Amino acid sequence: MSNHDKAITNTSASPYVKLKSINFGDCKWTSGFWSEKVETAQEKMLPYMGDLLCGDIGHGLNNFKIAAGEKEGEHKGFYWHDGDFFKFMEAKTYIYALSKDESILNELDEYIALIGRAQEEDGYIHTHVQITEGVDRFENRKYHEMYNFGHLFIAASVHNRLTGKNNFLDIAVKQADLLHAYFMPDTKHYQRFGFNQTQIMGLVELYRTVKDEKYLRLAEKFINRRGTYEIKHDSTTEGYPIGDMVQERTPLRESEEAVGHAVLALYYYAGAADVYAETGEKALIDALDKLWENVTDKKMYVTGAVGQAHYGASTSLDMIEEGFIDAYMMPNMTAYNETCANLCNAMFSHRMMGIKEESRYADIIELVLFNSGLSGISLEGKDYFYSNPLRMVNNTRNYDAHADVTESPVRQPYLECFCCPPNLVRTICKSSGWAYNLSENGVAVVLFGGNNLETTMIDGSSLKLSQDTDYPWKGIVKITVDECKDSAFDIKVRIPKWAVGSTLKVNGEDAGVDVNPGTFATITRTWKAGDTIVLDMPMEVTLLEGHDRIEEVRNQLAIKRGPIVYCMETPDLPENTGILDVYLQGNTSFEAVHKPDFLGGVTVVETEVLLRQGKTDDMYQRVTKPVFNSHKTQLVPYYSWSNRGQAEMTVFMPVVW
């Protein structure tokens, strides 16, 4: 039997996962979209981020130096800054695994040695608490200890799998053992502890790495406790909203609605999916099914983004921040859509796809990757969006309104709250590890892009595939079998939900299988080297309208082509034209045109829009038949907006049929 324990999420021995993760590095992007993004990550995104985090701007490394007694100073950055540094290290580890560049390994060793020196003798490592006078361990969940530990456990597990070294893992194990000592007993003080509960995912990954079941039991314990106590402030909760904000009003197994802070919720659900993958408890998966449906059917934007509001209330009227509000309440201009939350949406879906062996989850992964995830970073790779609205209108918001403004009209070179940039960069760096999964007797093609796969199947036999495509700009994907076993096996090809009318051919002949959008088309046969599969997805420009209950987009349309959502941006309009003056024409043509030298090489959508004249700033005004001037223009991919200076932008536009 083969071993697939070098995966991002190591599900090789998870009894309740049907689609297993491939070893990271078995698939490499070779050309096209994701290949270029990973190259940018290696050459620009990570070096720039390293300069920030290891210098005096980002201060991440300095915090560890101060905690280790090797530098004077006070903690800088938010409470969760350690976790952001661990995500940066995780991203570096993926690039090491792809490039085998020894200098990266040495750099990581230096960080790990420093973190080890900062770690207390009993295993505790959290620089804010260690450095700041008068702050005790586990005094208040707002300090995000659990979040930092979760990212430590994940980054250290990945580092151990991809480098074979134990130095980082040893630090994580020491901290996890301490966590177990504190939190496994049912002490009243710690019953509702954990703010951003990344530790659940982290503990399961640690269990998968070192095979010690106590970490899985502790992960499960954190889930079991949630929602089992009175919702009122105590000494451990002061300073942040409580109740639905942190998913503690309802036990997970009884939850039917995604509530509260969107990052907290989705990391929590992803962690619960990891626990289910090991235990198979029906109540867990039943709840996760309902929660996934609630997120994707009632609270998700067309870009795959989630977390509708910076401030709001849950349906139980708990105050929430950066989170979910009521179903279908989807503002465009004030949409929060934190980059981290969008990425968590993909992480949760990735786990659900493995458990269920269903491709509809992969549609969400892809939607996020190409749209609301990638919009969080500039094309150059050095500027960041924390929030990702669907409409930006100049001079409509005060970006200095309060201390915690994370929205900005243009991407920023540094965000003091630095959780999103390393989260996005590690996702780009690990994307090839999500491209394929292994089924019981075969392989599932999950993401499209020029790549090579060299892996072993579950039964240990060798498998080599190569993918040739100009996706996402063209809809033809050619998969060649380069090496395989002699007996029959499955190749499952994902047919995206949007890809209506797709065809699938093997060696030029109809594959003879059902090709249904939103499912895997499974081709079972005895394959031989040189066999080709060609998936042809029609890439029509499509107009999308929202559900009737999304009041903000009534009689408005969004434009999508393949997996890419488009937007209108003011650089493509006459001077002094506001984005709110643009109307789509329902009866005009929309033409896809590839521009290799524009915005890093994109396909734009050319069309003729109507520009409305004569609106005033009166709140309400009398109207006769409006005057429109037509204007030939282009729409650009949503992820590429705000790369041409400050601009107005909108995804949804009113339509004149």
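Only a predicted model underlies this, so the values are computations on that prediction, with no experimental measurement involved. One-based numbering along the sequence shown.
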Exercise. Taking it one step at a time, do I95 and I104 satisfy side chain to side chain contact (heavy atoms under 4.5 Å, CB included)?
Worked result: CA-CA 8 Å; I95 293 300; I104 296 174; 3.6 Å; yes
For this session: Apply side chain to side chain contact (heavy atoms under 4.5 Å, CB included) to the pair R494 and D363, showing each step before the final yes or no.
Result: CA-CA 9 Å; R494 182 172 71 89; D363 286 342; 2.7 Å; yes
For this session: Could you walk me through whether E90 and C429 pass side chain to side chain contact (heavy atoms under 4.5 Å, CB included), step by step?
Result: CA-CA 9 Å; E90 186 187 339; C429 292; over 6 Å; no
Problem set entry | D536 and T503: CA distance, side-chain angles, deciding distance, side-chain hydrogen bond (donor to acceptor under 3.5 Å, both in side chains) verdict | CA-CA 5 Å; D536 191 350; T503 61; 4.6 Å; no
Exercise. Taking it one step at a time, do S630 and E608 satisfy side-chain hydrogen bond (donor to acceptor under 3.5 Å, both in side chains)?
Worked result: CA-CA 6 Å; S630 76; E608 202 163 315; 3.0 Å; yes
For this session: Take H310 and E407 through the test side-chain hydrogen bond (donor to acceptor under 3.5 Å, both in side chains) and record every step on the way to the result.
Result: CA-CA 9 Å; H310 194 154; E407 299 92 329; 2.9 Å; yes
For this session: Decide yes or no on side chain to side chain contact (heavy atoms under 4.5 Å, CB included) for F88 and T93, but give the supporting numbers first.
Result: CA-CA 9 Å; F88 162 70; T93 307; over 6 Å; no
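By the 4.5 Å heavy-atom criterion applied to side chains, P422 and M49 are counted as neighbours. Between H261 and P241, every side-chain heavy-atom pair lies at or beyond the 4.5 Å cut-off. Inter-residue side-chain proximity for V446 and Y436 is flagged as unmet; no heavy-atom pair is nearer than 4.5 Å. In this structure, the side chains of Q634 and V605 stay at 4.5 Å or more apart for every pair of heavy atoms. Between S359 and I495, the closest side-chain pair of non-hydrogen atoms is not below 4.5 Å. Residues E366 and W498 have side chains in contact (heavy-atom distance under 4.5 Å, counting atoms from C-beta outward).
Side-chain atoms of T607 come within 3.5 Å of backbone N or O of S589 as a donor-acceptor pair. Under the 3.5 Å distance criterion, the side-chain polar atoms of N643 are matched with a main-chain donor or acceptor of L379. In this structure a side-chain-to-backbone donor-acceptor pair under 3.5 Å is present from S432 to C27. Without hydrogens or angle criteria, E545 side chain to L543 main chain gives no donor-acceptor distance under 3.5 Å. Between the side chain of N451 and the backbone N or O of G449, at least one donor-acceptor pair lies under 3.5 Å. Judged purely by atom type and a 3.5 angstrom limit, T577 uses its side chain to pair as donor or acceptor with the backbone of P574. Using modelled atom types, no side-chain atom of S375 and backbone atom of Y639 make a donor-acceptor pair closer than 3.5 Å. Judged purely by atom type and a 3.5 angstrom limit, N342 uses its side chain to pair as donor or acceptor with the backbone of N337. Put simply, the side chain of Q412 never gets that close to the backbone of D383: no donor and acceptor are under 3.5 Å apart. When atom types are taken as modelled, the side chain of N371 and the backbone of L367 share a donor-acceptor pair closer than 3.5 angstrom.
When the side chain to side chain contact (heavy atoms under 4.5 Å, CB included) test is applied to T616, the partners found at least two apart in sequence or on another chain are D618, Q621. T30 meets the side chain to side chain donor-acceptor pair (under 3.5 Å) test with no other residue; sequence neighbours excluded. Listed by chain and number, the residues in a salt bridge (charged side-chain N to carboxylate O under 4.0 Å, His left out) with D470 are K474 (sequence neighbours excluded). R351 pairs by the salt bridge (charged side-chain N to carboxylate O under 4.0 Å, His left out) definition with D274, not counting sequence neighbours. Scanning for side chain to side chain donor-acceptor pair (under 3.5 Å) contacts around E575 gives an empty result, with sequence neighbours left out. For F324, there are no ring-ring contact (aromatic ring centres under 6.0 Å, His included) partners two or more places apart in sequence or in a different chain.
With no hydrogens or angles considered, a side-chain donor-acceptor pair links Y336 and E322 at under 3.5 Å. With no hydrogens or angles considered, a side-chain donor-acceptor pair links T339 and N388 at under 3.5 Å.
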Please list every donor-acceptor pair under 3.5 Å in which a side-chain atom of residues 549-570 meets a protein atom from a residue at least two apart or in another chain.
| unit_1 | atom_1 | unit_2 | atom_2 | d |
| --- | --- | --- | --- | --- |
| R554 | NH1 | D548 | OD1 | 3.3 |
| Q556 | OE1 | R391 | NH2 | 2.9 |
| Q556 | NE2 | E552 | O | 2.9 |
| K560 | NZ | G562 | O | 3.3 |
| R561 | NE | M539 | O | 3.2 |
| R561 | NH1 | W473 | O | 2.9 |
| R561 | NH2 | W473 | O | 3.1 |
| Y566 | OH | T603 | O | 2.7 |
| E569 | OE1 | R644 | NH2 | 2.9 |
| E569 | OE2 | S642 | N | 2.8 |
| T570 | OG1 | E648 | N | 2.9 |
| T570 | OG1 | E648 | O | 3.4 |

Please report, to 0.1 Å, the donor-acceptor pairs under 3.5 Å made by any side chain of residues 34-48, with sequence neighbours excluded.
| unit_1 | atom_1 | unit_2 | atom_2 | d |
| --- | --- | --- | --- | --- |
| T40 | OG1 | E36 | O | 2.9 |
| Y48 | OH | P413 | O | 2.7 |

Donor-acceptor contacts, no H, no angles, side chain residues 291-306, under 3.5 Å, sequence neighbours left out:
| unit_1 | atom_1 | unit_2 | atom_2 | d |
| --- | --- | --- | --- | --- |
| W292 | NE1 | S349 | OG | 2.9 |
| E293 | OE2 | R360 | NH1 | 2.9 |
| N294 | OD1 | A258 | N | 2.9 |
| T296 | OG1 | W292 | O | 2.9 |
| K299 | NZ | E257 | OE2 | 2.8 |
| K299 | NZ | A258 | O | 2.8 |
| K299 | NZ | I325 | O | 3.0 |
| Y301 | OH | P331 | O | 2.5 |
| T303 | OG1 | A305 | N | 3.4 |

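The salt bridge (Lys or Arg N to Asp or Glu O under 4.0 Å) analysis of residues 577-598, with sequence neighbours excluded, yields no pairs. The list of salt bridge (Lys or Arg N to Asp or Glu O under 4.0 Å) pairs with a residue in residues 46-61, not counting sequence neighbours, is empty. Pairs of residues two or more places apart, or lying in two chains, that qualify as ring-ring contact (aromatic ring centres under 6.0 Å, His included) and include a residue from residues 410-430 are Y384-F418, Y414-F418.
Atom NZ of K76 and atom CG of N63 lie 9.0 Å apart (nearest 0.5 Å).
Counting heavy atoms of neighbouring residues, nucleotides and ligands inside a 6.0 Å radius, atom CD1 of I57 does not exceed 12 of them.
The two residues M392 and S408 have their closest heavy-atom pair at CE-O, 3.5 Å.
Between W641 and F385, the two ring planes are parallel [angle under 30°; tilted spans 30° to 60°].
Ring centroids of F33 and Y471 are separated by 6.0 Å or more, keeping the two rings apart. For an aromatic pair to be called close, the ring centres must be under 6.0 Å apart, and H151 with Y147 satisfies this.
Screening H144, H75, H128 for a ring pair (Phe, Tyr, Trp, His ring centres under 6.0 Å) involving W80 leaves a single residue, H144.
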